[in-house]
Amino acid sequence: MEKGLEINEVEVKTEVSLKERLWIIIPVVLLIGLLTTLIYNHHSEFSWDGLIGGLNYELLIFFLIGVFAQLVDGTLGMGYGATSTSFLLAYGVPPVVSSTAVHVSEMFTTGASALSHHRFGNINKKLVKHLLIPGVLGSITGAYLLSDVINGDVIKPFIAVYMIVLAAIIIKKALKKNIVKKKTKKLSVLAVFGGFMDSVGGGGWGPIVTSTLLGRGRNPRYTIGSVNAAEFAISFASGITFMLFGGIHGWQVIIGLILGGVISAPLAAFLVNKIKRKPMMIAVGILIILLSLKTLSKLL
């Protein structure tokens with residue numbers, strides 16, 4: 001009888017251990033596969049002289065942009081796309097190059113972020129599972145429609161206003177002494193919408209999903225960690241779709257963003273454990289308002 005119980009315990013531990021490892025194995029395998037595919041398909045575009053020539057101050061600037069954007073995204077659960085795109089455009093990078101660079105680099109940075117948040121225990125696996133598949137479906141749909149059917153700029157004013165309202169709710173809740181946690185209904189709908197807008201609007205997964213969940217009183221640490229973990233799948237799906245339709249441009253920008261984002265991802269995941277709930281929520285709210293107002297100012 002005792003031997004039977006011991007065998008069952010070993011089997012349960014093995015199953016749990018395998019499930020835990022999958023959270024690391026799957027992102028690593030996907031990233032290695034993506035990197036291998038990119039090298040195989042685009043190795044002819046590189047030369048030794050070109051690589052040496054690319055090691056200049058511009059690469060350092062793109063690297064620093066990647067570091068800052070990932071610190072914002074990893075600690076606040078949003079803002080990588082908006083932050084990096086804003087800096088790249090301000091520096092003079094053409095929109096088509098910046099858009100491609102952000103989408104491709106985000107496939108790597110969100111993978112590093114997901115692994116880092118898992119390492120520091122910031123992930124609610126149940127929440128990730130609820131967000132994952134609907135978010136991917138919304139992301140692929142948005143990327144496809146943006147490539148062939150609709151103009152994402154038409155929808156941007158509406159999503160900007162929506163995010164400002166959410167930001168006001170978050171700041172209001174942050175200033176309250178006691179935040180009552182409410183059950184978040186229709187997580188699948190939220191994930192589909194967030195994934196769709198992330199592809200169509202050039203960003204939105206974090207602001208929409210993280211903001212809504214924090215506004216419902218969820219714990220910032222696990223919300224940000226879980227949303228970041230799910231974002232890897234969303235970014236991967238949209239990135240592959242954009243690559244299939246638009247190709248890849250701006251390798252120096254892509255490499256700089258990837259290196260900066262991957263290096264700073266563990267630090268961002270670590271800081272989530274250290275930042276207190278109230279200032280974190282206020283920072284999230286202010287960031288959303290600033291980004292949304294900037295979006296509206298460009299459209300008016």
Side-chain angles (χ1 to χ4, degrees), residues 20-35 62-85 87 101-125 127-129 131-132 135-136 139 191 194-195 198-199 202-211 213-214 218-240 254-275 280 283-284 287:
E20 283 294 318
R21 290 177 183 176
L22 285 176
W23 286 87
I24 299 175
I25 292 173
I26 292 175
V28 169
V29 169
L30 288 174
L31 289 175
I32 292 175
L34 173 63
L35 184 61
F62 300 143
F63 171 82
L64 293 176
I65 291 174
V67 169
F68 181 72
Q70 184 56 43
L71 284 175
V72 171
D73 189 79
T75 54
L76 300 182
M78 65 190 74
Y80 179 87
T83 303
S84 55
T85 299
F87 277 111
V102 169
H103 277 101
V104 174
S105 64
E106 204 168 20
M107 296 164 74
F108 290 91
T109 58
T110 53
S113 182
L115 293 171
S116 300
H117 279 293
H118 180 270
R119 169 66 180 81
F120 288 105
N122 300 335
I123 295 176
N124 180 332
K125 295 180 177 63
L127 177 59
V128 174
K129 291 175 182 177
L131 297 174
L132 202 61
V136 167
S139 178
D198 190 71
S199 293
W205 172 257
I208 292 171
V209 179
T210 303
S211 301
L213 295 178
L214 290 180
R218 281 184 173 267
N219 184 289
R221 171 187 171 184
Y222 294 109
T223 296
I224 290 172
S226 302
V227 173
N228 266 263
E231 188 177 15
F232 169 62
I234 279 73
S235 299
F236 205 90
S238 63
I240 291 293
I254 292 172
I255 292 172
L257 292 180
I258 290 175
L259 291 176
V262 169
I263 289 174
S264 62
L267 176 59
F270 172 76
L271 291 175
V272 170
N273 291 315
K274 304 300 179 182
I275 299 176
M280 183 185 293
V284 168
L287 176 64

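FYI, side chains are in, hydrogens and waters are out, and symmetry mates aren't considered; it's all heavy atoms of this structure.
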Would you say the side chain of V209 lies within less than 4.5 Å of the side chain of L131, judging by non-hydrogen atoms? yes
So CD1 of I255 and CZ of F108: to nearest 0.5 Å the spacing works out to 10.0 Å
Would you compute the distance between atom CD1 of I224 and atom CG of N219 and round it to the nearest 0.5 angstrom? 9.0 Å
Atom CZ in F87, atom CG in L64: separation rounded to 0.5 Å? 10.0 Å
State, with a plain yes or no, whether a side-chain heavy atom of L127 is found less than 4.5 Å away from one of Y222. no
Not counting sequence neighbours, which residues clear side-chain hydrogen bond (donor to acceptor under 3.5 Å, both in side chains) with N228? List them please. S113
Ignoring hydrogens and angles, tell me if any N or O in the side chain of T110 forms a donor-acceptor pair with the backbone of S235 under 3.5 Å. no
Without swapping roles, check the side chain of R221 against the backbone of G121 for a donor-acceptor pair under 3.5 Å. yes
Supply the atom-to-atom distance L257 CG to F62 CZ, rounded to the nearest 0.5 angstrom. 8.0 Å
Less than 4.5 Å apart, side chain to side chain, heavy atoms only: is that true for M107 and I258? no
Can you name the nearest heavy-atom pair linking T85 to V102, along with the distance? OG1-CG2, 3.5 Å
Would a distance-only check, ignoring hydrogens and angles, find a side-chain to backbone donor-acceptor pair under 3.5 Å from S139 to G135? no
A114 and I123: which non-hydrogen atoms are nearest, and at how many Å? O-CD1, 3.8 Å
For T223, is there any backbone N or O sitting under 3.5 Å from a side-chain donor or acceptor partner on S226? no
I need the N122 CG to N124 CG distance, nearest 0.5 Å. 11.0 Å
Could you go through residues 264-272 and list every donor-acceptor pair under 3.5 Å that involves a side-chain atom there, pairing it with any protein atom two or more places apart or in another chain?
unit_1: S264; atom_1: OG; unit_2: V67; atom_2: O; d: 3.3
unit_1: S264; atom_1: OG; unit_2: G260; atom_2: O; d: 2.9
unit_1: S264; atom_1: OG; unit_2: G261; atom_2: O; d: 3.4

On a heavy-atom basis, the closest approach of A233 and L132 is CB-CD1, 3.4 Å
Which heavy atom in Y80 sits nearest to a heavy atom in G66, and how many Å separate them? CE1-O, 4.3 Å
Who are the side-chain hydrogen bond (donor to acceptor under 3.5 Å, both in side chains) partners of T109, not counting sequence neighbours? none
